[in-house]
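Since the model is a prediction, treat every value here as computed from it, not as a measurement. Sequence lines set the chain letters: A, B, ... in the order given, protein chains first and strands last, and positions in each chain run from 1. What's counted below: heavy atoms across the whole structure, side chains too, no hydrogens, waters or symmetry copies.
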Amino acid sequence: MEYNFKEIERKWQSYWKENSTYKVEIDKSRPKYYVLDMFPYPSGAGLHVGHPLGYIASDIFSRYKRLQGFNVLHPMGYDSYGLPAEQYAIQTGQHPAVTTAKNIARYREQLDKIGFCYDWSREVRTCEPDYYKWTQWAFIKMFNSYYDNDLDKAMPISDLVAKFEKEGTSSLNAASSADLSFTAQDWNAYSEKKRQEILMNYRIAYLADTKVNFCPALGCVLANDEISEGLSIRGGYPVEQRVMRQWSLRVSAYAQRLLDGLERIDWTESLKETQKNWIGRSEGTEMKFKIKDKPFDFEIFTTRADTIHGVTFMVLAPESDYVKMVTTDAQKAEVDAYLDQVKRRTERERISDRRVTGVFSGAYAINPVTNKEIPIWISDYVLAGYGTGAIMAVPAHDSRDYAFAKHFNLPIVPVIAGCDVSEESFDAKDGIMTNSGFLDGLTVKEAIAATKKYVKEHGIGKVKVNYRLRDAIFSRQRYWGEPFPVYYKDGLPYVLDESKLPLMLPDIENFLPTASGEPPLGHAKNWNTEEGYPYELNTMPGFAGSSAYYLRYMDPHNDKALVGKEADEYWQNVDLYLGGTEHATGHLIYSRFWNKFLFDLGVVCKDEPFQKLINQGMIQGRSNFVYRIKDTNTFVSYNLKDQYDVTPIHVDVNIVSNDVLDIERFKNWMPDYKTAEFILEDGKYICGWAVEKMSKSMFNVVNPDDIVDKYGADTLRFYEMFLGPLEQSKPWDTNGIDGVHRFLKKLWGLFYSREELLLSDAEPTNEELKSLHKLIKKVTYDIDNFSFNTSVAAFMICVNELSSQKCNKKAILEPLTILLAPFAPHLAEELYHVLGNTTSVCDAKWPICNESYLQESAAKYAVSFNGKVRFSMELPISLSKEEVEKVVLSNEQTMKFMDGKPYKKVIVVPNKIVNIVL
RNA sequence: GCCUUAGUGGUGGAAUUGGUAGACACGCAGGACUUAAAAUCCUGUGAUCAUUGCGAUCGUGCGGGUUCAAGUCCCGCCUGAGGUACCA
């Protein structure tokens with residue numbers, strides 16, 4: 001009987017469906033294991049062969065854990081709100097609800113063909129009201145919370161109100177947008193409006209006028225992680241700075257906890273590093289500088305307090321409030337002109353054009369340590385949003401200050417002994433201080449500490465920690481997203497009562513965004529609360545729905561809570577999370593923040609959501625080329641192309657096999673090629689190739705459906721794993737899939753020859769047992785280490801060995817079938833039943849390696865002299881090191897190599913090498 | 001610039017603690033079966049030299065070092081990929 005993968009796969013996929021094989025429930029008698037894939041945006045293009053890579057890996061791991069006795073939660077769903085889904089709808093001129101439903105159906109169809117063990121009864125879709133109800137619910141909680149820095153957790157805003165009523169801001173230590181100071185009396189005298197405005201400074205979800213990245217082409221505000229080099233990541237459109245009234249989430253309050261949490265989770269070093277950079281903690285000193293002839297001082301932030309004696313000027317960000325305060329009348333015109341010029345530059349221009357610009361303010365500051373007068377300048381190389389928006393410039397030891405000083409001819413005073421600053425600044429934190437009064441003779445590190453101490457003691461400043469991490473802007477001027485559970489009364493925002501959730505997204509016809517930033521929800525008719533107050537017209541961003549979805553899978557049908565107590569306590573958090581690196585500074589920060597907030601509320605029991613995280617690599621495309629001789633319709637084969645003047649043209653990889661072009665299909669591919677002529681080599685047309693992004697325009701997209709049709713899902717699964725290490729990016733190359741398919745057929749051949757079932761009940765030989773147990777050991781080790789590509793090789797070796805021994809013993813084949821189950825579930829299920837079992841192979845028990853079968857009776861020793869292997873010999877395994885040494889030294893060959901010379905030492909190592917040093 | 005990560009045959013990639021580098025697969029070459037082709041199976045396949053046989057020499061981006069022994073450890077570079085950046 002032939003290996004009929006089509007019939008086998010159809011049969012078992014429907015068996016699993018009918019028997020709900022993959023349905024999971026809480027089962028306290030078994031340990032839990034939660035394996036999660038990053039859920040996809042159901043895009044219109046469908047899946048290509050790169051998408052399932054991570055899904056296959058997590059599927060193998062889930063099945064493996066289940067076979068080991070764990071109760072495995074392995075769900076899947078769709079991130080169906082947000083820009084990508086909406087952009088696709090706009091491009092195709094259909095309503096996003098329609099396209100989203102269609103795309104999801106298509107995704108599901110494709111996923112089902114590959115035979116995943118998802119529990120689909122737990123599916124979530126972020127655009128469904130019973131899901132986004134909980135997104136809105138979390139928003140209300142954030143609105144009603146503030147961050148208490150002393151307790152280091154989020155607390156109810158009512159606690160803050162009580163505090164204000166009792167003692168004002170006197171003992172307050174809370175994360176806020178502005179430093180406010182008032183007494184209890186003040187508070188109690190404030191109007192409702194004023195109080196609400198004050199509270200807005202503390203809420204974790206807050207409304208504020210914020211400088212935002214606005215993208216006119218998308219008609220929408222974007223978060224920092226949605227932009228790269230001044231262009232939107234989605235679409236690559238230019239982005240400009242605007243001040244808009246927006247909802248934000250106070251992620252910055254969690255900066256330190258987000259950083260600390262990284263120490264306790266099992267993520268790759270590179271990903272942790274990316275998050276650390278993004279959070280950008282820097283410990284430094286905040287120092288007060290007096291202004292000459294003015295009644296106030298201003299603060300700067302520096303990490304190089306040690307260089308205080310080298311300060312030769314100060315710089316303010318153009319947007320800094322200090323600018324107006326310090327500018328002298330004489331310089332006013334010049335300063336205003338500069339500010340105007342800066343304003344007109346876009347973010348992109350500022351990045352691409354790094355000219356040194358700036359203007360003198362006319363004012364002087366007093367160095368608080370040396371009491372010297374130093375000029376105050378204004379320049380856009382200082383950012384308003386970081387630190388205090390003002391710096392002390394030390395041109396000798398900071399490259400940016402150096403460029404500025406050179407350009408405007410300001411003095412450069414080195415304060416580290418022996419450095420040369422004639423050509424460039426000396427930025428390294430390394431050396432001995434000089435020209436620095438009381439710091440002279442100290443190292444840089446000591447000097448930083450000494451200055452901190454000095455500054456504190458003299459009341460000039462304080463030690464301060466700054467973070468680069470910004471609050472997340474949470475409003476989008478878009479239709480396809482969660483509506484805010486917010487309405488406006490007298491211009492003030494109020495959140496809905498939880499009982500009114502979900503607040504449904506109204507169905508409107510004109511959902512297009514506008515370049516001016518007017519939200520499309522403005523078109524909704526009667527979009528008001530029962531009392532007639534208007535709702536917030538912005539919607540939430542894409543990351544809102546994806547920030548807590550992993551919790552919802554634990555308890556997807558609970559309509560009383562995001563996740564119930566019992567489910568939370570049992571499933572806890574995600575044990576293994578698989579997805580791409582592209583979410584490092586977006587989803588993976590927001591999710592951690594969101595989870596920590598819920599942890600503070602006592603809703604979840606773990607403060608880190610994803611214990612272990614693995615990034616699967618991208619699968620790139622492998623494009624094929626044909627070479628057309630210029631101005632003709634003649635194509636020349638790859639190795640002959642240099643003899644002609646040719647243009648390379650992308651050709652559809654699906655009509656090329658092992659780089660040989662299928663000429664008939666090529667002629668029918670496009671009308672132009674109907675009459676094409678060919679110059680062949682050895683009767684074949686050989687195509688060139690290159691690794692590029694997988695995309696339609698390069699004709700290198702490979703659809704998993706086609707592979708499943710031709711080779712079966714099990715071959716696809718094996719082959720995707722065989723391509724290379726999971727975490728590495730690699731090109732898809734269909735060449736080579738035959739090898740994997742051959743292996744499955746060979747495996748089938750252990751069970752069947754032509755029409756005949758071969759199984760026998762005989763006792764296995766030692767050699768057969770050794771083959772099997774070698775495989776058990778290797779595969780177990782490999783799956784635990786996510787090294788799937790080498791397990792595939794181990795399977796091939798094992799099957800080759802068994803096949804050359806003509807092994808048909810049930811005692812060998814049954815464990816082999818179980819080992820196969822995570823990788824090729826359909827085939828494993830079929831063979832498991834052929835072996836006479838009546839239950840699913842998913843409920844079998846993972847075999848355990850018996851090391852005793854692996855022990856050799858004889859060890860092969862390579863004998864080397866001075867590190868060079870000369871000959872080898874076999875000795876009984878039972879010999880001790882000393883005995884081996886003795887035998888080797890008395891050997892005839894050894895005598896020949898030693899040639900009468902005495903030996904210095906003999907090294908015998910367990911790895912079966914004997915080295916004799918002469 | 002900084003951080004992370006990688007560099008091994010014609011190709012994808014193995015080598016778990018330093019221990020006979022190149023597993024496994026593709027491709028290629030030769031052979032078997034076949035009227036022929038496909039499919040399948042067998043053999044060979046890092047390079048150079050020697051091939052009458054044992055073989056010999058060189059080989060893991062480059063240059064040094066440690067060690068009886070280095071793809072693996074140390075020092076100094078080069079190149080690719082990814083992240084990040086007027087963050088003081």
Which nucleotide in [options] has an atom nearest any side-chain atom of [X]:
{"X": "A/Trp278", "options": "B/A25, B/C87, B/U84", "answer": "B/U84"}
{"X": "A/Thr790", "options": "B/C41, B/A14, B/U4", "answer": "B/A14"}
{"X": "A/Pro725", "options": "B/A25, B/C26, B/A14", "answer": "B/A14"}
{"X": "A/Arg470", "options": "B/C87, B/A14, B/C41", "answer": "B/C87"}
{"X": "A/Leu383", "options": "B/A14, B/C87, B/A23", "answer": "B/C87"}
{"X": "A/Thr303", "options": "B/C26, B/C87, B/A88", "answer": "B/A88"}
{"X": "A/Ala793", "options": "B/A88, B/A23, B/C3", "answer": "B/A23"}
{"X": "A/Glu273", "options": "B/C3, B/A88, B/C87", "answer": "B/C3"}
{"X": "A/Lys778", "options": "B/U16, B/A14, B/U5", "answer": "B/U16"}
{"X": "A/Arg468", "options": "B/C87, B/U40, B/U5", "answer": "B/C87"}

With rounding to the closest Å, how many angstrom separate the [atom1] atoms on [N] and [M]?
{"N": "B/U20", "M": "B/G71", "atom1": "C1'", "value": "14 Å"}
{"N": "B/U8", "M": "B/G63", "atom1": "P", "value": "16 Å"}
{"N": "B/G61", "M": "B/U34", "atom1": "P", "value": "49 Å"}
{"N": "B/G65", "M": "B/U72", "atom1": "P", "value": "14 Å"}
{"N": "B/C75", "M": "B/G83", "atom1": "C1'", "value": "27 Å"}
{"N": "B/G27", "M": "B/G13", "atom1": "C1'", "value": "14 Å"}
{"N": "B/C54", "M": "B/U60", "atom1": "C1'", "value": "28 Å"}
{"N": "B/G22", "M": "B/G9", "atom1": "C1'", "value": "7 Å"}

Let me know the distance between [atom1] of [X] and [atom2] of [N], rounded to the nearest Å.
{"X": "A/Gln620", "N": "B/G13", "atom1": "CD", "atom2": "P", "answer": "10 Å"}
{"X": "A/Arg281", "N": "B/C3", "atom1": "CZ", "atom2": "P", "answer": "19 Å"}
{"X": "A/Asn466", "N": "B/A88", "atom1": "CG", "atom2": "P", "answer": "8 Å"}
{"X": "A/Phe743", "N": "B/A39", "atom1": "CZ", "atom2": "P", "answer": "20 Å"}
{"X": "A/Lys746", "N": "B/C41", "atom1": "NZ", "atom2": "P", "answer": "6 Å"}
{"X": "A/Lys806", "N": "B/C41", "atom1": "NZ", "atom2": "P", "answer": "13 Å"}
{"X": "A/Asn277", "N": "B/G82", "atom1": "CG", "atom2": "C1'", "answer": "12 Å"}
{"X": "A/Trp732", "N": "B/G13", "atom1": "CH2", "atom2": "P", "answer": "14 Å"}

Quick one: label [X] by what it contacts on the DNA or RNA (base, sugar-phosphate, nothing), any heavy atom closer than 4.0 Å.
{"X": "A/Asn800", "answer": "sugar-phosphate"}
{"X": "A/Asn789", "answer": "sugar-phosphate"}
{"X": "A/Ile797", "answer": "sugar-phosphate"}

Do [X] and [Y] meet the criterion of a side-chain donor-acceptor pair at a distance under 3.5 Å?
{"X": "A/Thr357", "Y": "A/Tyr338", "result": "yes"}
{"X": "A/Ser787", "Y": "A/Asn785", "result": "no"}
{"X": "A/Asp784", "Y": "A/Tyr64", "result": "yes"}

Answer yes or no: does a side-chain N or O of A/Ser399 lie under 4.0 Å from OP1 or OP2 of B/G1?
no
B/A88 phosphate, OP1 or OP2: any side-chain N/O from A/Tyr381 under 4.0 angstrom?
no
Counting only Watson-Crick pairs (N1-N3 plus N6-O4 or O6-N4) and G-U wobbles (N1-O2, O6-N3), all under 3.5 Å, who is the partner of [N]?
{"N": "B/U16", "value": "none"}
{"N": "B/U40", "value": "B/A32"}
{"N": "B/G63", "value": "B/C75"}
{"N": "B/A21", "value": "none"}
{"N": "B/G9", "value": "none"}
{"N": "B/U51", "value": "none"}
{"N": "B/C58", "value": "B/G46"}
{"N": "B/C2", "value": "B/G83"}

Axial cation check for A/Tyr638 ring with A/Lys641, 6.0 Å and 45° limits:
yes
Side chain A/Lys730, main chain A/Gln728, donor-acceptor under 3.5 Å
yes
Compute the ring centroids of [X] and [Y], then answer whether they are less than 6.0 Å apart.
{"X": "A/His741", "Y": "A/Tyr719", "result": "no"}
{"X": "A/Tyr3", "Y": "A/Tyr752", "result": "no"}
{"X": "A/Phe313", "Y": "A/Phe404", "result": "yes"}

Check: residues 742-749 of chain A side-chain donor-acceptor pairs under 3.5 Å, at least two apart:
| from | atom 1 | to | atom 2 | distance (Å) |
| --- | --- | --- | --- | --- |
| A/Lys746 | NZ | A/Asn800 | OD1 | 2.5 |
| A/Trp748 | NE1 | A/Met1 | O | 2.8 |
| A/Trp748 | NE1 | A/Glu2 | O | 3.4 |

Which atom of A/Thr780 lies closest to which atom of A/Ile776, heavy atoms considered
OG1-O, 2.6 Å
Give me the distances for all protein-to-nucleotides 8-12 of chain B N/O pairs that come in under 3.5 Å?
| from | atom 1 | to | atom 2 | distance (Å) |
| --- | --- | --- | --- | --- |
| B/G12 | O2' | A/Leu723 | O | 2.7 |

For A/Thr585 and for A/Arg304, find the nucleotide of RNA chain B with the closest heavy atom, then tell me which residue's nucleotide is more 5'.
A/Thr585
Starting at the 5' end of RNA chain B, which residue's closest nucleotide do you reach first, A/Tyr719 or A/Ser787?
A/Ser787
Decide, for B/G9, between syn and anti: a glycosidic angle within 90° of 0 counts as syn, anything else as anti.
syn
For A/Ser282, give me all partners under side-chain hydrogen bond (donor to acceptor under 3.5 Å, both in side chains), at least two apart in sequence or on another chain.
A/Tyr386
